[in-house]
Amino acid sequence: MAVVAAAAGVASGANGGARAPRYRDATEPVPVRVADLLGRMTLAEKAGQLAMIHVGRIRSESDRQELFAQDGIGSVLSGAGEVPGTDGSLIAWARGVNDLQRYALDHSRLGIPIVYGADATHGFTWVRGAEVYPQQLALAATRDPELVQAIAAATARVVRATGVRWVFGPVADVSRDLRWGRYYETFGEDPQVAASLTEAAVRGTQGADPARPAAAATAKHFVAYSQPEGGRDTAEVRTSPAELDDVFAPPFAAGVRAGVASVMNQHGWVNGTPTVASKPLLTDLLRTRLDFDGVELTDWGDVENLFCGCQGAPAVQAMTRVAADYEHAVAAALNAGAEVSMVPDRATEFTTAVQAAVRDGLVDVSKLDAAVAHILTLKFRLGLFDDPYVPEPAPASVRTAEDRALARRAAAESITVLKNTRGLLPLRRRGPVLVVGPDTLRRQDGGWTVQWQGVPAGTTAPPGVTVLQGVRAAIGARNVRTVANWRNDAAVRRAASRARVVLVVVGEEPYAEWQGDSATAALAADEARLVRVVEATRTPTLLVLVSGRPLMIAPLIRNADGFVMAYLPGSEGGSAVADVLFGRVRARGRLPFTWPASIRDVPMALNRRLDGREATPLFRYGAGLTP
Ligand code: BGC
C-alpha cells in the first residue's frame with residue numbers, strides 16, 4: 001500500500017494533509033513535472049502516449065471507450081478535411097475538440113490531456129470560412145520571412161481558437177523535382193531561402209517563446225523527401241551525405257534553431273532504409289547533429305508499413321517489408337528515434353506492440369521513457385495540463401479584414417512576371433479586356449484546402465476572388481468581357497478579336513501527394529488549345545498560369561506577349577493578379593525554382609540538371625521582371 005501511495009504521489013504536507021502531486025503544480029518547472037508524472041506511469045500508459053489516432057476513426061461511444069479508456073491514446077489528429085465536431089464551423093471545431101478532451105481526461109487515471117493536431121500549411125482551411133493563404137511555393141517567390149511569419153501567426157490564431165495545438169507544418173522540404181505531387185508545398189529550391197522561411201513560419205506558429213508555444217509547429221518531412229526516384233511520391237530517395245548536409249538538412253536545422261516543437265519524418269526510404277527506421281537519420285542527424293530536442297512524429301501509417309505495407313501511396317506500399325510483425329516494426333522505429341506514431345487507425349495493436357517490445361527486451365525502457373518525456377514536455381509547455389479546454393470562440397474571428405489584406409498582399413508579392421513585350425505591362429485601365437479560361441477558386445487554392453485533394457469539384461470554395469472578378473474590380477465590370485464556355489473555339493476567337501488585350505488563365509486542377517505526381521508536367525490539351533486559339537487572333541495576349549509547378553509550355557509562352565506565374569495564390573489570388581497587372585502593386589516576385597525548357601531536363605534545381613549534364617533553363621532560378 002505504501003508503494004501505491006508513493007507512486008500516486010500523495011505526500012503528507014506539514015499540516016498532515018495530502019498534497020497534490022508535483023506534476024499538477026503549475027508553479028513547478030516543466031522538467032520536474034515531467035519526471036514526476038513519468039515516474040507514476042505504467043508501461044501501458046506510456047505506450048498510449050505514443051499513439052496518435054485520426055478523428056475519423058473515433059465515431060461511436062465504443063470507439064471512445066476503446067481508444068481513450070482502454071488504450072489511453074496521447075493524441076488525436078484531423079487527417080486532411082476531417083473535423084472533430086458536427087460540421088466545419090469554428091464553434092463546432094472547438095466543441096468537438098473540447099468534447100474529446102473531456103472524455104480523455106475523464107478516463108485517464110493520471111489526468112493526462114490529449115493534444116490535437118492538424119495540417120495548416122496555408123491557412124487553417126478545414127474551418128469553414130477561414131482564409132486560404134498562398135501555398136508555400138508562392139510565398140517562397142516573395143523571399144519575405146516577415147510575411148511568412150505573419151501568415152503563420154494569423155493561421156495559428158484560428159488553429160488555437162479550435163482547440164488544436166499541434167500544427168503539421170511548415171514543409172521544410174527543398175524542391176528538387178517538379179514531377180513530384182508535393183512540389184508546391186515547399187519553399188522552393190534554394191536551401192537557404194527555404195531555411196529562412198521555415199524559421200519564420202515556426203516563429204509565426206509558435207510565437208516568441210518556444211518554451212510556451214502558442215501552438216506547436218512541425219518541420220516536415222524529414223528528410224530528402226522531395227527527391228524521390230522518378231518524381232513519384234514516397235518512392236526511394238538516393239542521396240549522398242554531402243547533399244543531405246548542403247541541400248536537405250538546412251531548413252530543418254533552421255527550424256530547430258527557431259525552437260520547432262516537433263519534426264515529422266517522411267514516408268519513404270532513403271538509401272535503402274525506411275526513414276522511420278533509420279537511426280542515422282532520426283538519431284545521428286536529427287538529434288545529435290542538428291541538436292533537436294522536441295517530439296519526433298512519424299507520418300501517417302509509417303510504423304505499420306514496416307511490416308504490412310498497407311498505408312499510403314502505392315510506391316511506399318510496394319516496398320519490401322522489413323519487420324516480421326508489429327512488435328518488430330515498433331522496435332525498429334523506436335530504436336531508430338521515432339517517437340509519436342501517427343498510427344493512425346488501430347491503437348490497441350500499436351500499444352500492445354510497444355509494450356511487448358519493451359517486455360521482450362527489443363526496446364530499452366529508457367528509450368520509451370525519453371520519447372514519452374518529449375510528448376509530455378510538449379503538453380506541459382502548451383499549457384494543456386493547466387488549461388485543457390478552449391473557450392467557445394467568436395465566429396467573427398475566423399476571417400478578419402486583416403487576414404484578407406495579408407493574403408492579398410502575399411499573393412501580389414509572389415506573382416512573378418516572366419515576359420513583357422510591347423510594353424504590355426502594366427496594363428492600361430481601359431477595355432475591353434477579355435479574361436478567359438478555367439479561372440476558378442479551387443484552382444487558386446490547390447490541394448490541402450477544405451479536403452485533401454482540394455475543394456471538391458461542384459462544391460463552393462471558401463470565399464475568394466477569381467482573376468475575372470479581380471480584373472472587374474480593378475477596372476470596372478463594363479471594361480471586362482469573358483466567354484462562358486472557354487472550350488468553344490469560335491466564341492473565344494470572336495471575343496478575342498474584339499478585345500484590346502486577352503488574359504488567358506490556365507493551369508492545373510488541385511491535387512495532393514502522389515495523386516499530383518506528373519510524368520510530363522504538361523498543360524491539359526484543351527487548355528493548350530485555348531491559348532493557341534487566342535494567340536492566333538494576334539490580339540495582345542497575356543498568359544496567367546495558376547499552377548503548383550512550372551509546366552512545360554515553352555511554345556505557348558513564346559507566342560504570348562506577356563507571361564505571369566501566379567503559383568497557387570489562394571483565395572485572394574484574383575485580386576492580387578489584378579493588382580500586379582494594372583500596376584497597383586509593383587511586380588516583385590522572383591522564381592523560387594528553375595523552369596526547365598523540357599521535361600527531359602528534369603530533375604533540375606538551381607539552374608542545373610541533377611545528373612550533372614548541361615541544360616539551359618527556360619527561366620532561371622530567381623527570374624522575375626519589374627515592369
Ligand atoms: C502527409 C503529411 C500530413 C499527414 C496528416 C500525410 O499523408 O504526408 O504531410 O501531415 O498526412 O494529414
Side-chain angles (χ1 to χ4, degrees), residues 51-57 75-84 115-127 135-137 155 159 162 164-175 180-187 198 201-202 205 215-226 228 232-235 237 251-252 255 260-270 274-276 295-305 309-317 338-345 446-454 511-517 548:
M52 175 183 277
I53 299 295
H54 76 107
V55 76
R57 165 70 177 74
S75 50
V76 174
L77 87 143
S78 274
E82 288 184 337
V83 297
V115 52
Y116 199 109
D119 300 289
T121 46
H122 70 135
F124 202 47
T125 75
W126 326 119
V127 171
Q135 298 270 2
Q136 280 194 200
L137 191 61
T155 301
V159 166
T162 64
V164 171
R165 299 291 176 84
W166 194 347
V167 170
F168 306 145
V171 172
D173 304 315
V174 174
S175 36
W180 185 46
R182 309 195 72 166
Y183 193 78
Y184 66 84
E185 294 184 57
T186 69
F187 281 131
T198 296
V202 169
T205 303
T218 306
K220 69 183 186 182
H221 311 78
F222 192 79
V223 63
Y225 184 37
S226 52
R232 288 179 308 123
D233 185 42
T234 75
V237 174
F252 290 94
V260 72
S262 71
V263 167
M264 184 192 296
N265 65 262
Q266 63 125 318
H267 280 304
W269 292 37
V270 178
T275 311
V276 74
V295 179
E296 200 287 340
L297 171 66
T298 82
D299 204 343
W300 186 279
D302 289 344
V303 175
E304 207 172 52
N305 268 346
C310 47
Q311 296 275 357
V316 82
Q317 285 192 27
E339 295 186 331
V340 172
S341 175
M342 201 184 286
V343 178
D345 284 300
W448 301 98
T449 311
V450 181
Q451 295 291 328
W452 180 43
Q453 295 297 321
Y511 52 77
E513 300 196 49
W514 68 94
Q515 300 200 24
D517 293 345

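Whatever order the structure lists ligands and atoms in, that order sets their numbers, starting from 1.
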Against ligand 1, does [X] come closer than 4.0 Å with any heavy atom?
| X | value |
| --- | --- |
| E185 | no |
| R182 | yes |
| Q266 | no |

Could you identify the single nearest non-hydrogen protein atom to [atom] and state the distance to 0.1 Å?
| atom | value |
| --- | --- |
| atom 9 (O) of ligand 1 | H221 NE2, 2.7 Å |
| atom 3 (C) of ligand 1 | D119 OD1, 3.2 Å |
| atom 6 (C) of ligand 1 | D299 OD1, 2.9 Å |

Going by distance alone, is a donor N or O of one side chain under 3.5 Å from an acceptor N or O of the other, for W448 and T125?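 The answer is no; no qualifying pair exists.
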Is any side-chain heavy atom of T234 closer than 4.5 Å to one of W514?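 No, every pair of side-chain atoms sits at 4.5 Å or beyond.
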Got a second to check how far Q135's CD is from T449's OG1, nearest 0.5 Å?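 That separation rounds to 5.5 Å.
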What about K220: any of its N or O atoms under 3.5 Å from an N or O on ligand 1?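 Looking only at distances, the answer is yes, because the N/O contact criterion of under 3.5 Å is met.
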Got an N/O contact under 3.5 Å between E513 and ligand 1?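 Yes; at least one N/O pair falls below 3.5 Å.
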Please say which of H267, R182, Q266 ends up in a side-chain hydrogen bond (donor to acceptor under 3.5 Å, both in side chains) with Y225.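 When side-chain hydrogen bond (donor to acceptor under 3.5 Å, both in side chains) is applied between Y225 and each of H267, R182, Q266, only R182 qualifies.
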Numbered atoms of ligand 1 (with element) below 4.0 Å of F168, judged on heavy atoms: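 Near F168, meaning under 4.0 Å from one of its heavy atoms, ligand 1 has 10 (O).
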